[in-house]
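Scope of the values below: all heavy atoms of this structure, side chains included, with no hydrogens, waters or symmetry mates. Given the structure is predicted, the values throughout are model-derived calculations rather than measurements.
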There are 2 protein chains.
Amino acid sequence: MTVTLADVAARAQVSPATVSRVLNGNYPVAAATRERVLRAVDDLDYVLNGPASALAAATSDLVGILVNDIADPFFGIIAGAVQSEIGGPGGRAGGERLAVVCNTGGSPERELTYLTLLQRQRAAAVILTGGAIEDAEHAAALAGKLRRLAEAGTRVVLCGRPPAPETDAVALTFDNRGGGRRLTAHLLGLGHRRVGYIAGPRERSTTRHRLEGHRAALAAHGVEDDPALTVHGPYDRRSGYDATVELLRRAPELTAVVAANDTVALGACAALRDKGLRTPDDVSVAGFDDLPFSVDAVPALTTVRLPLHEAGARAGRIAMGKEEPPPGGVATVHGELMVRGSTAGPR
Amino acid sequence: MTVTLADVAARAQVSPATVSRVLNGNYPVAAATRERVLRAVDDLDYVLNGPASALAAATSDLVGILVNDIADPFFGIIAGAVQSEIGGPGGRAGGERLAVVCNTGGSPERELTYLTLLQRQRAAAVILTGGAIEDAEHAAALAGKLRRLAEAGTRVVLCGRPPAPETDAVALTFDNRGGGRRLTAHLLGLGHRRVGYIAGPRERSTTRHRLEGHRAALAAHGVEDDPALTVHGPYDRRSGYDATVELLRRAPELTAVVAANDTVALGACAALRDKGLRTPDDVSVAGFDDLPFSVDAVPALTTVRLPLHEAGARAGRIAMGKEEPPPGGVATVHGELMVRGSTAGPR
DNA sequence: CCGTAGATAGAAAGCGCTTGCTGTGACCCC
DNA sequence: GGGGTCACAGCAAGCGCTTTCTATCTACGG
């Protein structure tokens, strides 16, 4: 029923081996023969059987990308950049790879399960994006998995995530701590002293690093770090809204709010608006990531721009072996403070 | 080097066939034997070889999702919903499927190439999302490809796209025309008569349908459709900005702008702001899709909400055979007009 | 002219798994 | 107590491709 290599070979009057070689183009085949084969392929509408060739050649053209939330542009941008580099359609000849995007939803188990699934597919490479889950047990399990993947020849790259200990996975780490520090320093520099902080979910490296940066800035400016001014929540708009309401309840006098990311910041702005407070006149707001919509917020959001596209593209190239990994296997990617309308001096 | 079924069989003192049966769980195996096998699997850290089993069983657990732009939440939401339904980690036992998200960037060639790649992988199902490219030649090529995929046993579902003629692919179509009509009718009802329209890229079904709805509303209200008030551009913020500037140049007197989608609308708002015009006091703005950030825009965007998550989930279920396709293979998904602060009567 | 290197093509042995068919005891019923 | 049924387990034949090794054939140099 379905056309196989043998059918093509028969029609082109050559052996299956020759057809395979024409298709893979890594062995000399006379031009005339090649053409005959190619015509047969065309006539028969032949499409290679991926699993069969993966089995025989012990390689696959699948690349896995693990993300926390595919609906979040933060990950979408990275995933898109990776895909543009792993040579999907566009990079002719042997360079056709498929990106398998796996949505972990931030769940440790799913992270592991997807990794197993990818291992089962004998993926050519795996890229883990976003913050790591900070749990010793999970970290150990993850490291084990990554080691086994690497052993099996799968290249592992971390993008926007700290290096994984006990592993030689290449890591492109975002400088969340530095970004957080500069952001809060900017606010303190404007004269704010009571700064609320809406942190991301606990046990997440991104959350911790950004928060540490914030605290470092407070310390550097001699401002007391009031625990009541920090609230944790998921990385979504709702969380920003609720946390802001809570923060306002706890400390009506605060003059600025730093959010875990831009989406959360948008929720914070909405809450302030609903409470009749103006941004930045009454309360300044700052985000993180500089997603595309942030510049269009009103007022435009002060935030830390992370070069998501560049980082994703680089991760993709490294995963494909098209670019040398950074020395030591770790590179830090810095963010840039974008001061915009949502922050100003306190009233 | 790598552990195979045979190794597990040897350790469990059974035949490879038995191990396979335990792993696939579709054939009676005595509890004691099963347990022995499972222990061996565990001891050896055995992971099934996907390509090998796909070859032998002639099935695969890959599901392809074609999107125009993975960084656009419109597609991200759909992709996430699909993935949640195709039984990735969570749905135990045989239900572990991997979603291959393919970024076509709106290019017809890439659409076709990705389909071939997916066919090569013998994907279990393929879901095409977003508007179709309206080009006879491409449509024919696409229909042929889809037919061949279907023949090979791959289930094909269209989500947010009109039915593909000459094909029996199931289609979940968005009522873009109706949504567009209601949106413009809303504006006309408020008293607007000079309404600018920022359309999406040409040759896209989505663009055409929304525009047709817009025109239908104009006609219904007896308002002349001035061609100068329609500008085409890509579905991004930049396009909205530029188009608005152009629209303002051509018709400084316009009192409302309808954008192809929310992202474009945000760009339009920015342009108006930069021109010193206020929304909705001077110019009303409306979008389409109701993406998560739209409610947080200032003023909140009037738009048409499309049930992206629901549609994606349903497409996923149909692709998995978990839900009956709609009668006739086609279902229309309606949008809901969300009237918010960005639209008001003309000054 | 013959021996030999170089360029192609083919034969065949897998790659690791699934599954139809074939045993083989154990069990049950009359 | 014998034959028929079950419930399991194993054998072995592929699945469709890649690739090593070998066979040809051509072209040259001496």
Inset, instruction - Starting from P on C:dT8, measure out to CD on A:Glu35 and report it in whole angstrom. - result: 15 Å
Inset, instruction - Name the closest nucleotide to the A:Ala56 side chain, picking from D:dG16, D:dT19, C:dA9. - result: D:dG16
Inset, instruction - Would you give the length of the straight line joining atom CD of B:Glu85 to atom NE2 of B:His309, rounded to the nearest 0.5 angstrom? - result: 7.0 Å
Inset, instruction - Specify the residue among B:Ala57 and B:Pro28 whose closest nucleotide of DNA chain D lies further upstream toward the 5′ end. - result: B:Pro28
Inset, instruction - Find the distance A:Asn26:CG to D:dT20:P and express it as a whole number of Å. - result: 10 Å
Inset, instruction - Check whether any side-chain nitrogen or oxygen of A:Asn24 sits under 4.0 Å from OP1 or OP2 of D:dT18, and answer yes or no. - result: yes
Inset, instruction - Decide, yes or no, whether a salt bridge links A:Glu134 with A:Arg204 under the criterion of side-chain N to carboxylate O below 4.0 Å. - result: no
Legend entry - B:Ser15 side chain near D:dC11 phosphate (N/O to OP1/OP2, under 4.0 Å): no
Legend entry - Distance, rounded to the nearest Å, where A:Asn49 contributes CG and D:dC15 contributes P: 12 Å
Legend entry - Presence of salt bridge, A:Glu166 and A:Arg147, under 4.0 angstrom: no
Legend entry - Nearest-angstrom distance from the residue atom CG of A:Asp7 to C1' of D:dG16: 10 Å
Legend entry - Below 4.0 Å: OP1/OP2 of C:dG16 and any side-chain N or O of B:Thr4: no
Legend entry - Ionic contact status for A:Glu111 with A:Arg161, cut-off 4.0 Å: yes
Inset, instruction - Whole angstrom is fine here: how far is it from CG in A:Asp61 over to C1' in D:dT18? - result: 14 Å
Legend entry - Length of the CG-P vector between A:Leu48 and D:dG16, whole Å: 12 Å
Legend entry - Proximal nucleotide (of C:dT18, C:dG10, C:dT19) relative to the B:Ala17 side chain: C:dT19
Inset, instruction - Could you check which of C:dA9, C:dA11, C:dG16 has an atom nearest any side-chain atom of B:Thr2? - result: C:dG16
Inset, instruction - Count the heavy atoms belonging to other residues, nucleotides or ligands that lie under 6.0 Å from CD of B:Glu310, then report whether that count exceeds 12. - result: yes
Inset, instruction - Respond yes when some side-chain nitrogen or oxygen of B:Thr18 is under 4.0 Å from OP1 or OP2 of D:dA9, and no when none is. - result: no
Legend entry - Side-chain donor/acceptor contact of A:Tyr27 with base of C:dA7 under 3.5 Å: no
Inset, instruction - Check every strand shown and say whether B:Val19 touches a base, only sugar-phosphate, or nothing at a heavy-atom separation below 4.0 Å. - result: nothing
Inset, instruction - Assess whether one donor atom and one acceptor atom, taken from the side chain of B:Arg21 and the base of C:dG20, lie less than 3.5 Å apart. - result: yes
Inset, instruction - Report yes if at least one side-chain N or O of B:Thr33 is closer than 4.0 Å to OP1 or OP2 of D:dA9; otherwise report no. - result: yes
Inset, instruction - Please state how far atom CG in A:Leu55 lies from atom C1' in C:dC15, giving the value in whole angstrom units. - result: 4 Å
Legend entry - Shortest side-chain distance from B:Leu5, nucleotide among C:dA9, C:dT18, D:dG16: C:dT18
